[in-house]
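Reading through the structure tokens given below for one structure.
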Amino acid sequence: MSDIPAFPYADLWEERSIHSVANLTRADGAAFLEAAARCGVRTHVTALPLADANRALDRLRAGEVEGALVLVPEGAARGNP
């Protein structure tokens with residue numbers, strides 16, 4: 001007999017819900033961003049050039065990314081090294 005494969009039981013037994021909203025308008029987005037600003041939501045985005053995609057993946061795997069990491073065309077990157 002083979003071993004029973006490992007399974008993330010916490011994902012199965014803890015209560016979870018996934019919600020998706022696909023039909024938003026530009027006005028909905030603007031209203032959301034205005035509400036987020038009033039509530040004090042702050043974002044952290046690091047932009048890297050597309051040529052650094054492998055470096056970006058390495059940073060993600062190493063847990064070195066706080067917030068969002070965005071790949072942009074050459075010459076447009078700004079953010080943390």
Side-chain angles (χ1 to χ4, degrees):
M1 292 182 63
S2 63
D3 292 335
I4 297 173
F7 184 83
Y9 285 99
D11 292 347
L12 176 65
W13 300 112
E14 293 179 16
E15 292 184 27
R16 304 234 189 277
S17 62
I18 298 174
H19 300 273
S20 175
V21 178
N23 297 323
L24 295 177
T25 66
R26 186 177 296 258
D28 293 332
F32 171 78
L33 292 173
E34 289 172 11
R38 284 194 310 273
C39 294
V41 173
R42 298 288 178 255
T43 60
H44 181 85
V45 178
T46 300
L48 291 175
L50 185 57
D52 287 345
N54 287 331
R55 183 173 141 224
L57 287 172
D58 290 341
R59 289 182 61 188
L60 285 169
R61 289 183 187 118
E64 298 174 355
V65 177
E66 183 176 324
L69 188 59
V70 179
L71 298 174
V72 296
E74 293 297 323
R78 294 184 310 260
N80 300 333

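Of the options Glu66, Arg59, Glu64, a side chain to side chain contact (heavy atoms under 4.5 Å, CB included) to Thr46 is made by Arg59 and by none of the others.
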Side chain to side chain contact (heavy atoms under 4.5 Å, CB included) between Val70 and Leu48, intermediate numbers included: CA-CA 6 Å; Val70 179; Leu48 291 175; over 6 Å; no
Solution key, residues 31-40 side-chain donor-acceptor pairs under 3.5 Å, sequence neighbours excluded:
none

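Counting all heavy atoms, side chain and backbone alike, Asp28 lies closest to Leu24 at OD2-CA, 3.5 Å. Nearest heavy atoms, Leu71 versus Pro49: CD2-O, 3.9 Å.
Under 4.0 Å is where a charged nitrogen must lie from a carboxylate oxygen, and between Arg55 and Asp58 no such pair does.
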